[in-house]
Peer 1: 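My questions will all concern the structure given below.
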Amino acid sequence: MPASFANAADLIRLLPEIILTVMGTFLMVLDPILHQRSSRAFGHLSILALAGGIGGSVYAYAHAGPAFGGMLMVDGFATFFRVLVMVVGILTVLPSYRFLRRQDAETSEYHALLLFSIAGQCLMAAANELIIVFIGLEISSIASYVLAGYLREDKRANESSLKYFLLGSFATAFFLYGVALIYGATGSVNLIAVRAAVSGQNAPEPVFLGVAAAMMFVGLGFKVSAAPFQIWAPDVYQGAPTPIAAFLSAGPKAAAFAVFLRIFMTAFEPIGGGWEPLVWISALLSMTIGNFAALLQTNVKRMLAYSSIAHAGYVLVALTARSETGTAAAMFYLAAYALMNIGAFAVVSHLSGRGERYQNIDDFAGLAQKQPLTAAMLSIFLLSLIGVPLTGGFFGKFYIFKAALESRLVWLAVLGLLNSAVAAYYYLRILVMMYMHEPGEAVDALEPLSPGLRAALILPALGTLFLGIFPSWVLDFAGKSATLVK
Amino acid sequence: MNLPALVLLIPLVGFLAALAIPRRLPQNSRLWALAVSLATFAQSLILVARFDRGQGGEQLALDLPWIASPDIHFAISVNGVSLWLVLLSTFLTPLCVLISWRSIQSRCKEFYAFLLLLEFGLIGVFLAQDLFLFYVFWEVSLVPMYFLIGIWGHERRIYAAVKFFLYTMAGSVLMLAAIIYLYNRTQTFSYPAILDMLASGRLAFAPGEQMLLFLAFFLAFAIKVPLFPLHTWLPDAHVEAPSAGSIMLASVMLKMGTYGILHFCLPLYPSAARTCAPWIAVLAIIGIVYGALVAMVQPNMKKLVAYSSVSHLGFVVLGIFSFTQMGLDGAVYQMLSHGVSTGALFLLVGLLYERRHSLEIADYGGVATAAPWLSTAFLITTLASIGLPMLNNFVGEFLVLQGSAIANYTWTIYASIGVILSACYMLWLYQRVFYGEAGEQVRAHVPDLRLREWAATVPLIVMMVWMGVYSQSFLPPIGKTTARVLDQTQINVPFRVEARPHDLRSGGAGAFACHSGVGLPACPAPKALSVRAFLPAGQEAYPTPEVSRAR
């Protein structure tokens, strides 16, 4: 194996991670030079790196295949998620210009950490070995722990960061424990080898495998904020700087689901009957807890946090289906979800003002009269989160429940759909506030949209509508890539 | 270009263009909405002219692939029922624009844009022939109505709007589940294709399975109709909505439910529909009587008209579940009549509100002296709503009662109570509002109809008389289509068990029959084995007297 290590093809397949890491390091070096004169350049450079990374991953896809002796697997699935997390990255950087200036916190490390975190997520998307999954998870998580507490003067941000760090490392430990057990049971950490060992004649003790799978489920369940491991999400999202909360709810979640799908749909697929009830319960709990708790929230960031728990539940429904349609549905849904959720957070970031004062649902009062464009874009995101047709959110949900019904999960599908009707209520509250009330203090104090924010609203809105009206483009690719290498 | 598609396209383009009109030019928004809605109306008249009245099937179909996988098509066509419902929508939209001219002063641009989007959604619901597309339109029409109620409504508008949205949403998600389920069974969303499979016996549902699917669809439609006891959203929504919203809601949106029952529930799930028919008929009769009784004691005019809608729609549901030609014809006719006469009632009540700024009956009295023409228009509408012969509602109610009498005479007796009660509450309303001494407020603030209001009222009154006097202009295509629906409900009726259970091995059907856990295999059978084969030639399985087919 060492002979084939790091040849040109391997490096091409690692191109996105290389680009992001180099640019991240470069940004830190540039800090003393650029900091005084033009701190906006950090943002420009990050966007450049992310765009380069997207190009790199497309180029890597042209040379698809395993890399570094099977540790990485660059296939359609990996490329889908790499592109997705980098798009999320760009949409996080866009509203950050205004946000950071308003908080007097423009530094290079914000952008560098973001790039490192995304690099970790790209690695997770392409990982084909449990150790690589773990490394990617850690790169992504450690950077995001710091980002959550980026506004270090802010008590809420400190609480958020500490909570995220403590619970996150605990969950990662669980995951690592699961990896160790798998290595002990099968003698390998390569997913394909594990699959072979699990389904072969001399399959290890089922109890052993079950415990290992459960441990990994705990670790990954935490990362995707699935119930019953969801408690951290509202506090962390509320305290974290708003663009970072948006990022946390979309990027790491998508990457963690990528890992989730890859591990459970390849290595553990032969023992699917064993883990299906576990995921079934978790999916239902996530949807129900997320939606019902969101009904009671007055803080928009907390509400969106609970809604993101519910949406994790929908994706878990797709995972429960244990089929290629289910995998494709989860991929499509995560893309749609990333766009609509990050768009909604961008509006919150726009509205919240200096020191993030205005974060309550009441603060949205009369937004439609002051800034009709902002209100219209947020309406698109909210209608998509509700699941109204002609938006990406609807088609994603439709496809997930179609996969569930195909796999005869009738009850889960019916309960999930009823859940989405419950969810309509809390999203409607924001619509009501924006359109049916007179402007309040927060809206009066609102600044006009900056070009970055305008892009951060219009691009995801267009994307959401595009996914809702012409889903075939993304869906076809997801359908093709859902056949994971086994 | 395909005609139905054009009718659909004009309001959509109008909506998108309306978004581009600058906010500071509200008059332009009004004129634009009027122009677009009139153009749509003209286009739908051409559609009526081109429609072949001689046949009951789907006509002027358009089928474009939309999404490749799952296979979703933009498939639309028009039949003898949807034709008139489309015409009703396009006929009422310009009138709504006219009566909102003065009453809507804030955010005109959005108001008219939403009105056009609503028209688009409603027309789409009636035209869609792809189940997915149908669901899309069904939900899309919800959004503009939500905003119309929530932004331009009265005091409790937000409560009403949210209640309206959640009720409909809760009902329709189960329909979505059923639609997906149907797709998984048939691998198609195309409604005609699914009907073909049913007719040829390639698709058959186990009894329990059919019942659940029927209920999933029916619940969504019953909430929309609304059938007692699911009607509680309706009075709130109607009372709080602006006039234009009330008109579109009562006249067209409620018909989405009854049209859905007629167009989807009966042909897809005939035996479940027949099994449930007595229960549903009883609920419909309760709705008829209950709606009328509650209407009688309302102090608020809009609420009174809203409850009268519950009563009138009860007739429609009763007619549909009588499973007779006359009952179905009457149900469809009643849908259209109710659209015209209740639309007119809401319009006139809206005009009163615009003048006196009150919906309370107690605030009125003596309007007849202050505004004689307005009162005359209201009187004609009242009489139409009561079901006076020679006016529109009479035809529909008569046919429904006749049809239900064929099915079950007791139903007719109880339902007739509703007709009597409707005279009580409407005439009493008329007496309290229009007769008596005109108060200070009424004399000072209630002028007679203006030119613009004349333009909105006269077409409705003309239609009431036309539909009452010469129903033959409308009934033949309706009869053709309902006859086809009745024909489709003969498939799979329960007493066809002697058909040989075959085809169970083919495709998902058999696999599912085992899965559903129902002991009896499904009984698909070629159409030749239908019940008619055992009857003398020319005789219908269900009695359909000659009168109903009289052309």
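In the text below, chain A, chain B and the rest are named by the order of the sequence lines, each starting its count at 1. A quick note: this is a predicted structure, and the numbers were derived from the prediction, not measured.
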Peer 1: Would you mind checking which part of B:Trp138 comes under 4.5 Å of any heavy atom in chain A, side chain (CB onward), backbone (N, CA, C, O), both or neither?
Peer 2: neither
Peer 1: Is the closest side-chain heavy-atom distance between A:Val300 and A:Asn360 below 4.5 Å?
Peer 2: no
Peer 1: Could you go through the side-chain hydrogen bond (donor to acceptor under 3.5 Å, both in side chains) check for B:Tyr181 and B:Glu209 one step at a time?
Peer 2: CA-CA 10 Å; B:Tyr181 184 89; B:Glu209 181 191 14; 2.9 Å; yes
Peer 1: Knowing that exactly one of B:Thr232, B:Leu234, B:Asp236 qualifies, which makes a side-chain contact (heavy atoms from CB on, under 4.5 Å) with B:Tyr167?
Peer 2: B:Thr232
Peer 1: Pick from B:Val173, B:Ile179, B:Leu142, B:Leu176: which one has the most heavy-atom pairs with chain A under 4.5 Å?
Peer 2: B:Val173
Peer 1: Quick one: which of A:Phe470, A:Tyr425, A:Phe401, A:Trp473 has the most heavy-atom pairs under 4.5 Å with chain B, could you say?
Peer 2: A:Tyr425
Peer 1: Could you tell me which portion of B:Leu174 (side chain, backbone, both or neither) has an atom closer than 4.5 angstrom to a non-hydrogen atom of chain A?
Peer 2: side chain
Peer 1: Can you say whether A:Phe398 sits under 4.5 Å from chain B via the side chain, the backbone, both, or neither, judging by heavy atoms?
Peer 2: both
Peer 1: So, do A:Ser481 and A:Thr79 sit near enough that their side-chain heavy atoms are less than 4.5 Å apart?
Peer 2: no
Peer 1: With heavy-atom distances below 4.5 Å as the criterion, would you say the side chains of A:Phe395 and B:Val136 are in contact?
Peer 2: no
Peer 1: Counting only non-hydrogen atoms closer than 4.5 Å, does B:Ile72 touch chain A with its backbone (N, CA, C, O), its side chain (CB onward), both, or neither?
Peer 2: side chain
Peer 1: For a 4.5 angstrom cut-off between non-hydrogen side-chain atoms, does B:Leu133 reach B:Phe189?
Peer 2: no
Peer 1: Counting heavy-atom pairs under 4.5 Å to chain A, which of B:Ala170, B:Pro70, B:Ala161 comes out on top?
Peer 2: B:Pro70
Peer 1: Identify which of A:Leu475, A:Val388, A:Ile469 forms the greatest number of heavy-atom pairs closer than 4.5 Å to chain B.
Peer 2: A:Ile469
Peer 1: Check for a donor-acceptor pair, side chain of B:Ser141 on one end and backbone N or O of B:Gly121 on the other, with a separation under 3.5 Å.
Peer 2: no
Peer 1: For chain B, which candidate among A:Leu418, A:Val414, A:Leu383, A:Asp476 shows the most heavy-atom pairs at distances under 4.5 Å?
Peer 2: A:Leu418
Peer 1: Less than 4.5 Å apart, side chain to side chain, heavy atoms only: is that true for A:Pro372 and B:Arg23?
Peer 2: yes
Peer 1: What part of A:Ala424 gets closer than 4.5 Å to chain B, counting heavy atoms only: side chain, backbone, both or neither?
Peer 2: both
Peer 1: Among the options B:Tyr146, B:Phe165, B:Phe147, pick out the one with the most heavy-atom pairs lying under 4.5 Å from chain A.
Peer 2: B:Tyr146
Peer 1: Which bit of B:Tyr135 is near chain A, if near means a heavy-atom gap under 4.5 Å: side chain, backbone, both or neither?
Peer 2: both
